[in-house]
**Q** 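Sharing a structure here in structure tokens format.
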2 protein chains.
Amino acid sequence: MSGMSDVKCSSCTLGSCAIYTLSSNELEDMELNTCQAGYSKGEIITKQGTPLNSVIYLRSGFVKEFMWHESVADQVIQLIKPRSYIGLKGLYTNSSSVFSYQAITNVEVCFIEKEVFGRIVRGNGNFGQEILIALSKESISNHKRFLNLNQKQIFGKVAGLIIYLSEEVYESSLFELHLKRAELAHMIASTRESVTRALKWFHNEGIIQMKKNTVSIEQMERLSEIAKRG
Amino acid sequence: MSGMSDVKCSSCTLGSCAIYTLSSNELEDMELNTCQAGYSKGEIITKQGTPLNSVIYLRSGFVKEFMWHESVADQVIQLIKPRSYIGLKGLYTNSSSVFSYQAITNVEVCFIEKEVFGRIVRGNGNFGQEILIALSKESISNHKRFLNLNQKQIFGKVAGLIIYLSEEVYESSLFELHLKRAELAHMIASTRESVTRALKWFHNEGIIQMKKNTVSIEQMERLSEIAKRG
DNA sequence: AACAGAATGTGATATATATCACACCTTATT
DNA sequence: AATAAGGTGTGATATATATCACATTCTGTT
């Protein structure tokens, strides 16, 4: 967790849509109860079970939301893209984090105290609306992954995963894979080896191109066909 | 879709937590833009792709959220319990429904125009907060099912499904299965036959008891052990 | 540059479960 | 009561993929 020069919320260029709805008073309220931090690739931001009295705003970088599951290997729930809130869904539950969050690139975040956050939601319906929108979008995005898991064949699941990463996370047909094979596998209830084989096959067929860890989708049509039919 | 005598929002005994935050003006606004309906078991409430300019409030009964997926059989996303909002996550997206909703018992619902709903959210932060809470809870509940799918063995998945139904939907260790075997299977990416076998085995082991379509969880410990370890 | 450790690729095999085929049961309809 | 139709139970078989074991490549550190 590396230090960094603090940016005021009011002058932040990486803020959420939501903060544009805030009055200067509200903004100041938030500023006073927010603290900024940087993490480098690989660092854990919060661990499940740990107290967490903040909503975390991801200014830049990508974060992995996951759980360490008893016997089973870690389960990756989703990847979070920059300019989104982390752990919003925990805002109104208990004070300890349900999930763990890890920086998968270098990352800048802000910790906003839950209490202030809630106060502002209650006081400013427009802010609430924006948060509601954010949460809805996350929810729908997760549903897509969910549906993908109902696909039985791994090739279909891997194809769906690539599409998810491209559309919901990296928002580009060209992106770097920040997760290793085993983690990708854990996102679709499969194994490292099976993911390797699927990616290799897609590559050989010219459906995607992979050099190093950079994926480029070449034939989206075929890819989504595979994601649908298996 | 059977008719029924209309209840005013202000005198509704089956309202959400959220509506208790409303002023009488807001309540009236809602009343004027809400219409009530009843469906009987099996009826489709909304079909995916169909225009939907309302948030639907489920006063009583249970509803299945699902998609008809191209080649593949229907995919059940979740079951919705009474006194919750249906399609909240679609409030701020497009005007056509992403999912289909079917009554799996007799059901009473209210259609509240999205526009009014949004207006009230913006005007009343406390209402917004309650909606946010509802959405968060739904989100977390779905995450649990999600994690369960990452379980590879069917016995584990079926066990997890039973726990989900008991804890998140029916809120009792004794409940009636409103879904048929094939639909249960579609919730966990498995098959009718495998679900049959798993349930049979649980029954024989005395972990659950099943008569007709009523399930009673007898040994929660073992069930959750199976859900965890497979 | 050399090394160690991690991550990834690859083939052979085992195995869980999907699939198939059919029997049985339940429910509704005539 | 008889019939039909939808749902469920059950065994035999096929098959996709997990598992295993090892080779290869990549990564960062001394």
Side-chain angles (χ1 to χ4, degrees), chain A residues 40-43 64 71-76 102 104-106 148-162 176-205 208-215 226-227 229-230, chain B residues 40-42 64 71-76 102 104 148-162 176-205 208-215 226 229-230:
Chain A
S40 34
K41 187 174 174 167
E43 284 185 296
K64 175 178 96 179
S71 54
V72 193
D74 307 342
Q75 307 211 306
V76 179
Q102 181 182 32
I104 55 173
T105 62
N106 292 344
N148 180 233
L149 273 190
N150 271 35
Q151 186 52 65
K152 278 181 216 127
Q153 319 262 47
I154 10 127
F155 275 40
K157 293 203 283 188
V158 175
L161 180 58
I162 297 297
E176 192 191 339
L177 279 178
H178 297 119
L179 299 182
K180 48 197 179 195
R181 298 287 181 276
E183 290 176 307
L184 293 174
H186 292 150
M187 293 187 81
I188 54 173
S190 180
T191 59
R192 183 181 72 73
E193 295 92 327
S194 295
V195 170
T196 293
R197 281 185 256 264
L199 289 177
K200 193 86 193 303
W201 189 81
F202 294 162
H203 177 78
N204 289 341
E205 290 283 313
I208 63 171
Q209 223 188 309
M210 289 204 62
K211 36 177 85 157
K212 290 250 185 187
N213 262 329
T214 303
V215 173
I226 294 168
R229 320 232 165 245
Chain B
S40 34
K41 186 173 177 169
K64 175 178 95 178
S71 54
V72 194
D74 307 343
Q75 307 211 305
V76 180
Q102 182 183 29
I104 55 173
N148 181 231
L149 274 190
N150 271 36
Q151 187 51 65
K152 279 180 215 125
Q153 319 262 45
I154 10 130
F155 274 40
K157 293 203 284 188
V158 174
L161 179 59
I162 296 298
E176 194 192 338
L177 279 178
H178 298 120
L179 298 183
K180 48 198 179 195
R181 299 287 180 278
E183 290 176 306
L184 293 174
H186 293 151
M187 294 187 80
I188 55 171
S190 180
T191 60
R192 183 181 73 74
E193 295 92 327
S194 295
V195 169
T196 291
R197 280 185 256 263
L199 288 177
K200 193 86 193 301
W201 191 82
F202 294 162
H203 177 79
N204 288 340
E205 290 283 312
I208 64 172
Q209 222 188 308
M210 289 204 61
K211 36 177 85 157
K212 290 251 185 184
N213 263 330
T214 304
V215 173
I226 294 168
R229 321 232 165 246

**Q** Answer yes or no: does a side-chain N or O of A:Lys41 lie under 4.0 Å from OP1 or OP2 of D:dT27?
**A** no
**Q** When the distance from CE of B:Met210 to C1' of D:dG9 is rounded to whole Å, what number comes out?
**A** 12 Å
**Q** Using every non-hydrogen atom in the two residues, find where A:Leu161 and A:Met187 come nearest and quote the distance to one decimal.
**A**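 What the structure gives for the nearest pair is CD1-SD, 4.0 Å.
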**Q** Between D:dA21, D:dT10, C:dT17, which nucleotide has the shortest distance from any of its atoms to the side chain of A:Arg192?
**A** D:dA21
**Q** Quick check: on DNA chain D, is the nucleotide nearest B:Lys200 upstream (toward 5') of the one nearest A:Gln153, or the reverse? Name the residue that is more 5'.
**A** B:Lys200
**Q** Determine whether the side chains of B:Lys64 and B:Gln102 contain a donor N or O and an acceptor N or O closer than 3.5 Å.
**A**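 Yes - a donor-acceptor pair under 3.5 Å links their side chains.
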**Q** Within the structure, does a side-chain N or O atom of B:Thr196 lie under 4.0 Å from either OP1 or OP2 of D:dG9?
**A** yes
**Q** Please state how far atom CG in A:Asn150 lies from atom C1' in C:dA18, giving the value in whole angstrom units.
**A**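 It is 15 Å, rounded to the nearest whole Å.
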**Q** Nearest nucleotide by nearest heavy atom, which residue falls closer to the 5' end of DNA chain D, B:Ala182 or A:Glu193?
**A**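 Counting from the 5' end, the first nearest nucleotide belongs to B:Ala182.
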**Q** Without decimals, in angstroms, what is the distance between B:Leu149 CG and C:dT17 P?
**A**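 After rounding, the gap between these two atoms is 14 Å.
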**Q** Under 3.5 Å, is there an N or O donor on one side and an acceptor on the other linking the side chain of B:Arg197 and the base of C:dT19?
**A**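 Yes, a donor-acceptor pair under 3.5 Å.
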**Q** Less than 4.0 angstrom between a side-chain N/O of A:Ser190 and OP1 or OP2 of D:dA18, yes or no?
**A** yes
**Q** Have a look at B:Lys212 and say if it touches a base, only the backbone sugar-phosphate, or nothing, with a 4.0 Å heavy-atom cut-off.
**A** sugar-phosphate
**Q** Please find the pair of heavy atoms, one from A:Lys157 and one from A:Ala189, that lie closest to each other, and give the distance.
**A** NZ-O, 3.7 Å
**Q** Of the nucleotides C:dT8, C:dA18, D:dG7, which one has an atom closest to the side chain of B:Lys180?
**A** D:dG7
**Q** What is the distance from CD1 of B:Ile188 to C1' of C:dT17, rounded to the nearest Å?
**A**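 To the nearest whole Å, that distance equals 12 Å.
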**Q** Provide, to the nearest angstrom, the distance between the NE2 atom belonging to A:His203 and the P atom belonging to C:dT8.
**A**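 It works out to 16 Å between those atoms.
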**Q** I need the NZ-P distance between B:Lys211 and C:dT26, as an integer number of Å.
**A**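 In whole Å, C:dT26 P and B:Lys211 NZ are 15 Å from each other.
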**Q** Check the orientation of B:Trp201 and B:Phe155. Use parallel for under 30°, tilted for 30 to 60°, and perpendicular for over 60°.
**A** tilted
**Q** What nucleotide, of D:dA18, D:dG9, D:dT10, holds the atom closest to the side chain of A:Ser194?
**A**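 Nucleotide nearest to A:Ser194's side chain: D:dA18.
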**Q** Between the main-chain N or O of A:Ser40 and the side-chain N or O of A:Asn106, is there a donor-acceptor pair closer than 3.5 Å?
**A** no
**Q** Just how far, in rounded Å, is C1' of C:dA18 from CD of A:Gln151?
**A** 14 Å
**Q** Rounded to whole angstroms, how far apart are CZ on B:Arg181 and C1' on D:dG9?
**A**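 The distance from CZ of B:Arg181 to C1' of D:dG9 comes to 10 Å, rounded to the nearest Å.
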